Amino acid sequence: MQDCLFCRIVRGEIPAAKVYEDDEVLAFKDIQPQRPVHVLVIPKKHVTSLAHATPEDVPTFGKMLLVANQIAVDQGSPDGFRSIINTGRVGGQEVMHVHMHIVGGQEPVGPMLKR
Ligand code: 5GP
Ligand code: ZN
């Protein structure tokens, strides 16, 4: 995906504060952090959203879940974190490349959904 923002970050065309990387997964700090710890974990391969996922994506998505806790601990959220994946219009997804938010810090992140 030539014009996808997160694909451009994967290719190094746009700078990002990377905190974790392996052959399948990249994690970097959110540019507008909502909590003291706010990291985005993405598959390096372009997948538009969870609505576009295929069985082929299962191992990479599993890896995203597996690395989440260590990223949170390393970034200063040792006692847990919240992971969020927004999907499509109803989910409020703004960047059309699957990403998992990891939010946390020293204090609880608060109620799960605001009305
Ligand atoms: P969404 O609403 O799609 O779940 O979340 C998109 C997230 O991407 C937002 O939290 C936003 O701050 C973050 N974001 C948007 N553009 C950039 C960027 O260029 N760099 C980084 N690091 N984060 C970005
Ligand atoms: Zn992409």
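Just follow the structure's listing: the first ligand is 1, and inside any ligand the first atom is 1. Since this is a predicted model, take the numbers as computed values, not measurements.
Contact annotation: Gln34 has no heavy atom less than 4.0 Å from any atom of ligand 1. Judged by the shortest distance from any of its heavy atoms, Met96 lies outside the 4.0 Å radius around the atoms of ligand 1. Using a 4.0 Å heavy-atom cutoff, Gly92 is listed among the residues neighbouring ligand 1.
A salt bridge does not link Asp22 with Lys44: none of the charged nitrogens is closer than 4.0 Å to a carboxylate oxygen. The pair Glu107-Arg35 does not count as a salt bridge, with every side-chain nitrogen at least 4.0 angstrom from each carboxylate oxygen. A salt bridge between Lys45 and Glu24 is absent, with no side-chain N of the basic residue lying under 4.0 Å from a carboxylate O of the acidic one.
Between Phe28 and Phe6, the ring planes are perpendicular. Angles over 60° get that label, and only those under 30° would be called parallel.
Applying the 6.0 Å contact sphere to CD of Glu21 captures more than 12 heavy atoms from other residues, nucleotides or ligands. Within 6.0 Å of NZ on Lys29 lie no more than 12 heavy atoms contributed by other residues, nucleotides or ligands.
Selection from His101, Gln32, Lys18, Met100 by nearest heavy atom to atom 4 (O) of ligand 1 gives His101. Looking at Val39, Val95, Ile84 and measuring to atom 15 (C) of ligand 1, the nearest heavy atom belongs to Val95.
Applying the under-4.5 Å side-chain rule to Ile, Leu, Val, Met, Phe, Trp and Tyr, the cluster around Ile84 extends to Val103, Val109. Clustering of Ile, Leu, Val, Met, Phe, Trp and Tyr side chains at separations under 4.5 Å leaves Val90 isolated, with no partner residue.
Each protein N, O or S atom less than 2.8 Å from the Zn ion (ligand 2) was counted, giving 4.
When the side chains of ILVMFWY residues are joined at heavy-atom separations under 4.5 Å, either directly or via intervening members, Val67 and Leu26 end up in two distinct hydrophobic clusters. One hydrophobic cluster, built from ILVMFWY side chains closer than 4.5 Å, holds both Leu50 and Val41.
Each ring-ring contact (aromatic ring centres under 6.0 Å, His included) pair with one or both residues in residues 46-86, not counting sequence neighbours, appears once here: His46-His97.
Which parts of ligand 1 touch Leu40 is read off a 4.0 Å heavy-atom cut-off, strictly below it: atoms 8 (O), 13 (C), 23 (N). Each of the following atoms of ligand 1 lies closer than 4.0 Å to a heavy atom of Phe6: 8 (O).
Here the OG1-CD1 distance, from Thr60 to Ile42, works out to 11.5 Å after rounding to the nearest 0.5 Å. Considering NE2 of His99 and CG of Leu40, their distance stands at 6.0 Å, rounded to 0.5 Å.
Nearest protein heavy-atom neighbour of atom 7 (C) of ligand 1: Asp30 OD2, 3.5 Å. Among all non-hydrogen protein atoms, the one lying nearest atom 14 (N) of ligand 1 is Ile31 CG2, 3.9 Å. Atom 3 (O) of ligand 1 has Glu94 N, 2.6 Å as its closest protein atom, hydrogens excluded (heavy atom only). Nearest non-hydrogen protein atom to atom 22 (N) of ligand 1 is Lys29 O, 2.9 Å. Protein heavy atom in closest approach to atom 5 (O) of ligand 1: His99 NE2, 3.1 Å.
Counting heavy atoms closer than 4.0 Å to ligand 1, residue Ile14 contributes nothing at all. Here Leu5 has side-chain heavy atoms under 4.0 Å from ligand 1, and that is the only part of it that gets that close.
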